[in-house]
Amino acid sequence: MVSSASQRISDRDLDDIFRPVFDRIAPGAVTREIDRRIAYEEVEWLRQAGFGALRVPAEYGGFGVSVRQLFRLLIDLAAAESNLPQALRVHFSFVEDQLLADPGPAREHWLRAAGAGALVGNAITEPGVGAVDRYRTRLTPRGDGWLLNGTKYYSTGSLYADHILVAADRDGERLSVLVDATATGVRRSDDWDGFGQRLTASGTTEFTDVEVSADRILGPGYGGPGATYATSYLQLVQLAVLAGIAQRAESDVREWVAQRTRSYTHSAADLPRRDPLVQQVIGKLSAAAFSARSSVLTVADLLDEVLDAGASDEAALDAVELAAAQAQLAVIDTVLTATTDLFEVGGASITSEDLRLDRHWRNARTISVHNPAIQKARAIGDHLLNGAPLPFAWSAGSRQAQR
């Protein structure tokens, strides 16, 4: 378990450590967007500051922060660069898995690795027919070990990672396999072609006869049966990104309006910042950022309780999964509306490519399609009306027609 609340580092001390890093990252966001420059340098700044070790207990080289403290910082990082929390989300889930694991050499090894700066990316989703029934990425026996073969897409964060968590099949069994990112037979590509979140390193990863030792097979893979903390946790990282986007959108637009002197003949004031209609838009943007942040931190508090208790209580897991799904619907609607309405404060000049204010909507729209909201809404309704179990695993691919 992480350190007790009385021993945890304060929010103020965390801000003193990480705010300068975020402030260093933020100014280059537009240039990185224009040039499509993968943020290797910026991730290295985070690594050196210990960002990936936030949840790692102090005895293993980390900060031992609470889940709430982690998500508070993820929101602020997303405000600086929305791609980076998404790129790191499986890393933090991997750390949580180690915190929940039985004590032993493997747990200690990976917690110390994360405490020393190692980062973990993912290779779960598969192209084409996908993994609705089983993964096409396979583990096959080879001597005393195994060979890994397959192709993954949406390998978020893999280009930034030291290790890649791979979802694979072994004779019908879903498994998690951890491979070194630079191992022979691993090929990573930056071919993600979405119109937003372009720097998340969410491209294709190919595995060709990658040698895997038995100690790198970590147990059940994503999509296994039963309730888990992981789906609500991973979803909440996406919502933290949306909250950060809203925070940055409000800041960017407020700064643009404050400096603007051009107005209209029929405006209510000579300066845009004095115009009550413009003020209303800024007020709504501020409210959107506040409500999105509040929703994320509310679910983070629930996750704190669930994880501190070992993440084994099914009723608690159901409750946090439901809360994360409800928050998803609320945050998506709020942030998408805000990042559309922000353009009402100005005329054609606010659409300038130099400003790239459209990136806020594009990034928000892109991250909002993860685990589609319409499917979540239906699942919530079925659960509340009919007692249907919540779907903890979301796999994409081809389904055979139901009979």
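The first residue in the sequence is number 1, and the count goes up from there. Note that the structure is a prediction, hence the values are computed from the model and not measured.
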Exercise. Determine whether the side chains of N371 and Q328 contain a donor N or O and an acceptor N or O closer than 3.5 Å.
Key: no
Exercise. Can you measure from CG (D313) to CD (E305) and round to the nearest 0.5 angstrom?
Key: 11.0 Å
Practice problem: Check each of F71, F392, F92 against Y233 using the ring-ring contact (aromatic ring centres under 6.0 Å, His included) test, and report the only one that passes. | Solution: F71
Practice problem: Output the distance between atom CH2 (W361) and atom OG1 (T337), rounded to the nearest 0.5 Å. | Solution: 11.5 Å
Exercise. Verify whether one side chain among R359 and S82 offers a donor that lies under 3.5 Å from an acceptor in the other.
Key: no
Quiz item: K376 and Q235: side-chain donor and acceptor closer than 3.5 Å?
Solution: yes
Quiz item: Between the side chain of S251 and the main-chain N/O of Q247, is any donor-acceptor distance below 3.5 Å?
Solution: no
Quiz item: Got more than 12 heavy atoms from elsewhere within 6.0 Å of OH, Y154?
Solution: no
Quiz prompt | R293 side chain to A243 backbone, donor-acceptor under 3.5 Å | solution = no
Quiz item: Do NZ/NE/NH1/NH2 and the carboxylate oxygens of D252 and R248 come within less than 4.0 Å?
Solution: yes
Quiz item: With a 4.0 Å cut-off, would you call E42 and R37 a salt bridge?
Solution: yes
Quiz item: Is there a donor-acceptor pair closer than 3.5 Å between any side-chain N or O of H370 and the backbone N or O of I367?
Solution: yes
List, one per line, each side-chain donor-acceptor pair under 3.5 Å for residues 380-391, sequence neighbours excluded.
from: D382; atom 1: OD1; to: N386; atom 2: ND2; distance (Å): 2.8
from: H383; atom 1: ND1; to: A388; atom 2: O; distance (Å): 2.8

Quiz item: By side-chain hydrogen bond (donor to acceptor under 3.5 Å, both in side chains), which residues pair with D190, not counting sequence neighbours?
Solution: R36
Quiz prompt | Cation over ring face, R170 and W146, 6.0 Å, 45° | solution = yes
Self-check item: Rounded distance [0.5 Å steps], OG in S291 versus NZ in K284
Solution: 12.5 Å
Exercise. Supply the atom-to-atom distance R378 CZ to I374 CD1, rounded to the nearest 0.5 angstrom.
Key: 10.0 Å
